[in-house]
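Counting convention: from 1, in listed order, for ligands and their atoms alike.
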Amino acid sequence: MFLVIFGLAVTFAFFFYLKWENSSYVRTIDLIPGPPKLPLFGNALSIPLDTHGWLQKVSVEWPKKYDHFYRGWFGFKGYIDISCPLLVEEILSSQKFIDKGSDYDMLMPWLGEGLLTASGNKWRKRRRLLTPAFHFQILDNFFDTFNKSANILCQQLGASQSDDSLIGKEIDVFPYLKRCTLDIICEAAMGIQVNAQQQDSEYLYAVQRFSTVLFEYFVSIWSLLPRWMYFMTKKGKEYQKYLKIIHDFTSKVIRDRKKEMELEEAAKESKDEQEAARESEFEPRKRRAFLDLMLIAAKEVNLTDTDIRNEVDTFMFEGHDTTACAAVWFLYCMATHPDRQELVRKELDDVFGDSQRPCTIEDATKLKYLECCIKETLRLYPSVPHIKRLNTEDFVLSNGYKIPAGASYSIHIYALHRNDQLFPDPLAFNPERFQLDQSAGRHAFAFVPFSAGPRNCIGQRFAMYEEKVIFSTLLRRFRFTYDTAKHGPALPCADMLLKPHHEMPLKITPLVRD
Ligand code: HEM
């Protein structure tokens with residue numbers, strides 16, 4: 001009896017598989033060039049499990065082999081990988097392709113339907129609501145915060161150099177940078193001071209561990225099974241523990257800001273009207289922190305506490321981890337290219353002389369070579385290595401291939417930026433390629449670290465200024481070096497963001513001015 005049932009089950013599964021294999025969905029995707037697939041597994045067995053190996057396979061080897069347009073199968077899940085600028089432009093610049101792929105579902109328990117993950121009209125309304133909080137006309141309001149946090153970062157790194165046990169030793173700079181960018185996003189966007197640089201942050205550790213656990217879950221067999229089964233495992237319990245720490249932290253940020261706003265309102269009401277009018281006449285136009293906008297909007301439009309928390313989680317994650325990744329790779333590129341580091345320092349000397357005064361928006365605009373170095377870093381090490389889209393209808397690309405409804409496709413920023421037809425000698429760190437004479441004529445969608453089109457990064461100008469302030473402060477005080485002979489080249493690995501595979505040990509030498 002058992003054998004009969006087993007035989008029927010196998011026959012049924014076999015027919016189901018044949019039917020699936022011959023469906024128009026599978027046949028359409030299989031018309032796209034790609035690595036040979038195995039029954040049931042697709043290409044899953046050719047993809048290394050470690051995050052660096054994974055990146056090499058899907059972002060370097062296959063894009064090169066299939067001319068920057070290929071398909072792959074992860075079991076029954078098909079995906080199309082795009083890294084040629086014409087197709088990247090076609091997708092990113094269109095209003096039709098704004099919905100994210102099912103891969104973002106893994107972020108849902110954390111970010112809910114925040115700006116990054118929301119679709120359709122919900123996304124449009126949120127984007128309209130939040131855009132003023134990062135408008136370029138109010139960006140100079142953030143400079144005090146950038147400078148203050150950059151100075152604390154210098155003190156922390158400097159203190160490590162006056163600690164006898166650490167003098168002349170290498171320091172893993174990544175945790176310092178994460179704490180600094182967390183302080184900045186909390187104060188600039190949330191109007192709240194968390195002092196992550198001065199005290200241990202449980203939130204930061206939880207974000208770090210949660211990102212790793214989430215990525216491991218996503219590329220494992222567990223992601224194909226009901227989630228309650230995963231939650232019974234040790235890793236599943238870790239997932240829930242860190243998620244709770246993250247949500248508790250962001251809920252506290254919201255509660256604290258609400259309380260502060262109530263106090264500010266009460267203080268305003270207690271001032272007599274004439275005094276208030278006099279003050280507002282002399283006060284510069286103040287920006288509204290992003291969180292304040294949300295809290296005010298909550299009263300006018302229908303925003304629940306969960307909606308607000310989803311946005312806060314989105315901005316906390318997008319606003320600090322992305323910039324910290326960009327910063328750690330920038331320091332690595334500087335440390336491994338001392339000649340370029342000196343050129344940046346020369347530009348800093350031209351703008352600041354030997355002063356350690358704060359960097360203003362006017363200074364930042366003058367730092368053109370620094371900007372080239374930041375861009376070249378983002379080319380080689382884009383914080384967000386790939387982004388995904390999903391369509392509910394079939395569509396045909398300009399290269400004639402059809403993407404069937406429901407298939408996930410990704411824009412592979414990492415592979416695009418290392419495409420040797422766009423960037424000759426693509427692995428070389430060469431900031432000069434972003435100088436005007438060398439970048440003229442390059443395809444507008446060859447370099448998209450902040451994505452592009454309607455769904456681009458809302459915080460890109462904020463991030464560029466933030467980086468300029470941090471680096472101009474750091475490089476006026478310290479020289480950075482990396483011991484390649486000892487550590488080998490630093491390897492990137494991608495979970496959701498592009499991070500160093502291991503630590504980033506840099507030697508930091510305080511500069512002595514004559
Ligand atoms: C170097 C730093 C940064 C990089 C490289 C970066 C990159 C990106 C990229 C590639 C996307 C598109 C993601 C996708 O389509 O899946 C994105 C979206 C987004 N970024 Fe950034 N980002 C950075 C900093 C920031 C900062 C500082 C903030 C907040 C102040 C921010 C907030 C966001 C948000 C909210 C979205 C979603 C926008 C939408 O879908 O409408 N990012 N970012």
Side-chain angles (χ1 to χ4, degrees), residues 88 91-92 95 97-104 106-107 111 113-120 122-131 133-136 138-139 142 145-146 149 177-178 180-190 287 289-291 293-294 310-330 371 374-375 377-390 408-414 416-417 445 447-471 494 496-499:
V88 169
I91 287 164
L92 291 186
Q95 284 282 356
F97 308 127
I98 56 163
D99 289 344
K100 302 291 177 83
S102 57
D103 295 345
Y104 290 76
M106 69 169 176
L107 290 170
L111 308 182
E113 276 194 280
L115 194 62
L116 178 71
T117 40
S119 318
K122 187 163 191 173
W123 169 76
R124 282 192 188 85
K125 280 189 194 152
R126 288 290 168 81
R127 181 88 190 197
R128 224 174 294 133
L129 173 70
L130 297 174
T131 296
F134 296 96
H135 197 273
F136 68 93
I138 53 142
L139 284 175
F142 296 117
T145 306
F146 296 160
S149 297
L177 296 167
K178 285 189 203 171
C180 175
T181 54
L182 180 62
D183 271 352
I184 290 178
I185 196 67
C186 285
E187 189 173 333
M190 314 297 161
R287 75 189 155 82
F290 140 89
L291 178 53
L293 277 181
M294 293 288 295
N310 289 340
E311 292 304 354
V312 170
D313 278 321
T314 299
F315 278 77
M316 298 275 271
F317 162 63
E318 276 288 331
H320 96 271
D321 231 5
T322 45
T323 33
C325 290
V328 77
W329 288 116
F330 173 87
E371 185 167 315
I374 297 176
K375 285 184 174 165
T377 305
L378 284 170
R379 181 188 70 79
L380 278 168
Y381 304 102
S383 309
V384 182
H386 43 85
I387 56 183
K388 309 258 180 185
R389 295 288 190 268
L390 183 80
S408 171
Y409 50 103
S410 73
I411 304 294
H412 224 116
I413 300 177
Y414 184 89
L416 173 76
H417 287 182
F445 284 72
F447 176 68
V448 288
F450 295 101
S451 182
R455 224 149 173 186
N456 69 351
C457 172
I458 200 172
Q460 69 172 294
R461 287 199 186 88
F462 177 98
M464 281 304 278
Y465 280 134
E466 174 181 358
E467 305 268 281
K468 280 188 171 180
V469 173
I470 294 178
F471 303 146
M496 283 172 290
L497 298 179
L498 195 79
K499 301 173 176 166

Novice: Give me the ring orientation class for F462 and F146: parallel if the planes are under 30° apart, tilted from 30 to 60°, perpendicular past 60°.
Specialist: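 Because their plane-to-plane angle is over 60°, the rings of F462 and F146 count as perpendicular.
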Novice: When you look for protein heavy atoms under 4.0 Å from ligand 1, which residues do they belong to?
Specialist: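 Lining ligand 1: K100, Y104, L115, L116, W123, R127, F134, I185, F315, E318, G319, T322, T323, A326, S383, V384, I387, R389, P449, F450, S451, R455, N456, C457, I458, G459, F462, A463.
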Novice: So does L115 get a backbone contact from the side chain of R126, meaning a donor-acceptor N/O pair under 3.5 Å?
Specialist: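 Such a contact is absent between R126 side chain and L115 backbone.
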Novice: Does R461, at its CZ atom, have more than 12 non-hydrogen atoms belonging to other residues, nucleotides or ligands within less than 6.0 Å?
Specialist: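 Open: at most 12 neighbouring heavy atoms sit under 6.0 Å from CZ of R461.
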Novice: Can you give me the closest heavy-atom contact between T145 and A188, atom names plus distance?
Specialist: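 Minimum heavy-atom contact is CG2-N, 4.1 Å.
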Novice: Are F142 and V469 packed together at the side-chain level, in the sense that at least one heavy-atom pair is separated by less than 4.5 angstrom?
Specialist: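 Not in contact.
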Novice: If I take atom CD1 from residue I374 and atom CD1 from residue I470, how far apart are they, to the nearest 0.5 angstrom?
Specialist: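 If we round to the nearest 0.5 Å, I374:CD1 and I470:CD1 are 9.5 Å apart.
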